[in-house]
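Presented below is the structure to which this report refers.
Residue numbers start from 1 in every chain, and the chains themselves are labelled A, B, ... in the order their sequence lines are given, proteins ahead of strands.
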Number of protein chains: 2
Amino acid sequence: MLALLEFLPMRIPRRRERERADRERLIVRAAQELAETEGWDAVTTRRLAAEIEYSQPVLYSHFKGKDAIMAAVAVQGCAELAAELRQARASVSGTRERLAAVAGTYTSFARRRPALYDAIFTRLVDLPSATEEAPAPHREAFGELLAAVQPVTAEGEDTGLLTETFWAGLHGLATLTRTGRLPPEAHEGRLALLITHLMRG
Amino acid sequence: MLALLEFLPMRIPRRRERERADRERLIVRAAQELAETEGWDAVTTRRLAAEIEYSQPVLYSHFKGKDAIMAAVAVQGCAELAAELRQARASVSGTRERLAAVAGTYTSFARRRPALYDAIFTRLVDLPSATEEAPAPHREAFGELLAAVQPVTAEGEDTGLLTETFWAGLHGLATLTRTGRLPPEAHEGRLALLITHLMRG
DNA sequence: CTCTTGTTGCTAGCGCTGCTAGAAACGCCG
DNA sequence: CGGCGTTTCTAGCAGCGCTAGCAACAAGAG
């Protein structure tokens, strides 16, 4: 009865909901493209509004502010990273090979897509990860590293902790190299050292 | 003769030069204090000008822009880091103890003085290090790490490269922990793992 | 078909940023 | 004391993130 009465009127709100969700995806996609092509400095609310062909305040009806838009880009970008890591790990066999594949993919991602990497790991201080549980893509990406590290865990060592340390090494190499603090030529050598010492020689 | 003629008139410019240098130090010190007490977001050119009790444009007669001021703070801050590292390394003996002391001091510096650490290692992309030789304090700080790592270099390994990798690990731990991406409780455990694996078990 | 109602998106504007042009004030010299 | 060169300030530009308040629209009622 009640359901029947509501059925027809319900279709309209549904469509509008869908359109709203579409526009939200449009915003995130535009922000990501703009950031990746011209850097985050070029991602201003005005520019972004022009890009999606809506006015500025529309952005604020979807996101609390610019940081929230960056966070959305970061979460989506992290899903891409996780996918690349998964593929890298699956594409080779052998403990060291897998570690090398995952490590190479990770730092290559940071080099190829610096804006995205920055959004995920250096820019935002208040990604949900801090307060509550990290968003799914983050856990997924970390899970890929963990799976690669798991076989080299020594007795008495905690795989999670070891993976975190390995991750920190990768993150340090990625960021220090990209900002010109480490010479890029020797990057492969440093990666090899990191993996060798992770496997304890 | 010429020198005698120039002697007296020279005294005035000298004094002005000295006063200018004093004011420049004042600016850098004010910027550092403001950044360390209220964060870099609070360091605006207006606020900084008010702090040193001069008008805004005075800043631009000393530095090309805000970034140049941050760079000056970074270089000076790096000298402080280098001094702490030197003291840490000198205060203990034994290979592992020295590595632990240096590593602990490094990450502790990043935790205790986040604004300074950010200026040195994450914020500025155009520190002189990228284009020409790194500024002295940077080389000095790196030298401390290198001295601590040197004894654990294995045959066929390059100490410099190994130090860079170790540094990347420290930097990764420092930044990921400070931004809430790694839980701080397990920090010591990760540090221990890093050192253990650096010494290859 | 017209009128009312509620939502949606817009225009305009606030207070702030880094930075700079041109005027004013200062200190030095003859 | 008068003129000159430097130093420093006032005032303003363009752009930022963000928001209040109005206009235009779509949907239902008579």
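For B:Arg23, a side-chain nitrogen or oxygen approaches OP1 or OP2 of D:dT8 to under 4.0 Å.
Five base pairs at each end of the helix from C:dC1-D:dG30 to C:dG30-D:dC1 define two local axes, and these are offset by 30° (rounded to 10°).
Atom CD of A:Gln87 is surrounded by 12 or fewer heavy atoms from other residues, nucleotides or ligands within 6.0 Å. In this structure, A:Arg86 places its CZ atom where only 12 or fewer heavy-atom neighbours from other residues, nucleotides or ligands lie under 6.0 Å away. Applying the 6.0 Å contact sphere to CD of B:Glu53 captures no more than 12 heavy atoms from other residues, nucleotides or ligands.
For the residue pair B:Gln76 / B:Glu80, no side-chain donor-acceptor distance below 3.5 Å is found, with atom types taken as modelled. A donor-acceptor contact closer than 3.5 angstrom links the side chains of B:Thr45 and B:Gln56. Inspection of the A:Thr179 and A:Arg181 side chains reveals an N or O donor paired with an N or O acceptor under 3.5 Å. No hydrogens or angles considered: nothing links the side chains of B:Thr159 and B:Gln150 as a donor-acceptor pair under 3.5 Å.
Checked against the 6.0 Å centroid criterion, the rings of B:Tyr117 and B:Tyr106 qualify as a close aromatic pair.
Atom CD1 of B:Ile69 and atom C1' of C:dG18 are 11 Å apart (whole Å).
Using a 4.0 Å cutoff on non-hydrogen atoms, the parts of residues 45-64 of chain B near DNA chain C are B:Thr45, B:Arg46, B:Gln56, B:Pro57, B:Tyr60, ordered by number. Residues from residues 26-43 of chain B that place a heavy atom under 4.0 Å from any atom of DNA chain D: there are none.
A cation-pi arrangement is found for A:Arg23 relative to A:Tyr54, the charged atom lying closer than 6.0 Å to the ring centre and inside a 45° cone about the ring normal.
Ring geometry for B:His171 versus A:His171: interplanar angle under 30°, hence parallel rather than tilted (30 to 60°).
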